[in-house]
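Quick notes on the structure that follows.
FYI, side chains are in, hydrogens and waters are out, and symmetry mates aren't considered; it's all heavy atoms of this structure.
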Amino acid sequence: MIREGGCLCGAVRFKCEGEPVNVRICHCRNCQKAMGSPFFARALFDQKAIAVEGSTARYASSEALDRVFAMPAARGCLPGEGNPAVAGVALAAFDDRNAFAPTEHIWVSEKMDWVMLYDGLPQHLEGILPEMGVVA
């Protein structure tokens, strides 16, 4: 199955083929700052499964991850993260914003104090074991 989406300004469109490696809500400080939000709800895909049309830019937010955003629009327009093997795509950036449901929370040790997690999903204090060479 192919799922499509894009950024708020319309400068970038993407297609993701197949199923994600995982679907998680990350509460780490880097995701909070990158998204301008208390957390980042994302689907992690193999880079080879994603096709992007439009101009994007990258910012290395850590040794493991780059943040990707639409250009020339303001940063954060197409929220995502990536490394050479995989890329996380914001769930709300998909045309069908309900295409994927998160299965767990990661980095809850860094969640904002007022965020309450009552959804019954597993909670991990930090990132969990690597999949495809990625922690988180």
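Using a 4.5 Å cut-off on side-chain heavy atoms (C-beta onward), Phe45 and Val21 make no contact. For the pair Ser55 and Val12, the minimum side-chain heavy-atom distance is 4.5 Å or more. Under the 4.5 Å side-chain criterion, counting only non-hydrogen atoms from C-beta, Val89 is in contact with Ile50. You'll find the side chain of Arg3 reaches within 4.5 Å of the side chain of Met1, heavy atoms only. Side-chain contact check for Ser109 versus Glu126: some heavy-atom pair is nearer than 4.5 Å. A 4.5 Å side-chain heavy-atom check between His27 and Phe40 finds every atom pair outside the cut-off.
Every residue two or more places apart in sequence or in another chain that forms a side-chain hydrogen bond (donor to acceptor under 3.5 Å, both in side chains) with His124 is listed here: Glu104. Judged as a salt bridge (Lys or Arg N to Asp or Glu O under 4.0 Å), and not counting sequence neighbours, Glu53 has no contacts. Asp96 meets the side chain to side chain contact (heavy atoms under 4.5 Å, CB included) test with Asn98, Ala99; sequence neighbours excluded. Under the rule for a salt bridge (Lys or Arg N to Asp or Glu O under 4.0 Å), the partners of Asp95 that lie at least two apart in sequence or sit in another chain are Arg13.
Remark: Cys28 SG to Met35 CE distance equals 9.0 Å, nearest 0.5 Å. With rounding to the nearest 0.5 Å, the separation of SG in Cys16 from CG in Leu44 is 10.5 Å.
When all heavy atoms of Lys48 and Asp46 are compared, the pair lying nearest together is N-OD1, 2.7 Å. Among all heavy-atom pairs drawn from Pro20 and Phe100, the shortest one is CD-CE2, 3.4 Å. Contact between Leu91 and Ala43 at its shortest, heavy atoms only, is CD2-N, 3.6 Å.
Connectivity analysis of hydrophobic side chains (ILVMFWY, heavy atoms under 4.5 Å, direct or indirect) links Met116 to Tyr118. In the hydrophobic clustering, where aliphatic and aromatic side chains (Ile, Leu, Val, Met, Phe, Trp, Tyr) are joined below 4.5 Å either directly or transitively, Val115 groups with Val108, Met112, Trp114, Leu117, Leu125. Annotation for Phe39: hydrophobic cluster partners, listed by chain and number, are Ile25 (ILVMFWY side-chain heavy atoms under 4.5 Å, direct or chained).
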Go through it in stages, so that I can follow the logic: the residues are His105 and Arg24, the test is side chain to side chain contact (heavy atoms under 4.5 Å, CB included), and I'd like the CA-CA distance, side-chain angles, deciding distance and then a yes or no.
CA-CA 6 Å; His105 295 268; Arg24 295 180 176 153; over 6 Å; no
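Identified under the side-chain hydrogen bond (donor to acceptor under 3.5 Å, both in side chains) test for residues 28-38, with sequence neighbours left out: Arg29-Gln32. Residue pairs satisfying the salt bridge (Lys or Arg N to Asp or Glu O under 4.0 Å) criterion with at least one member in residues 114-125, sequence neighbours excluded, are absent.
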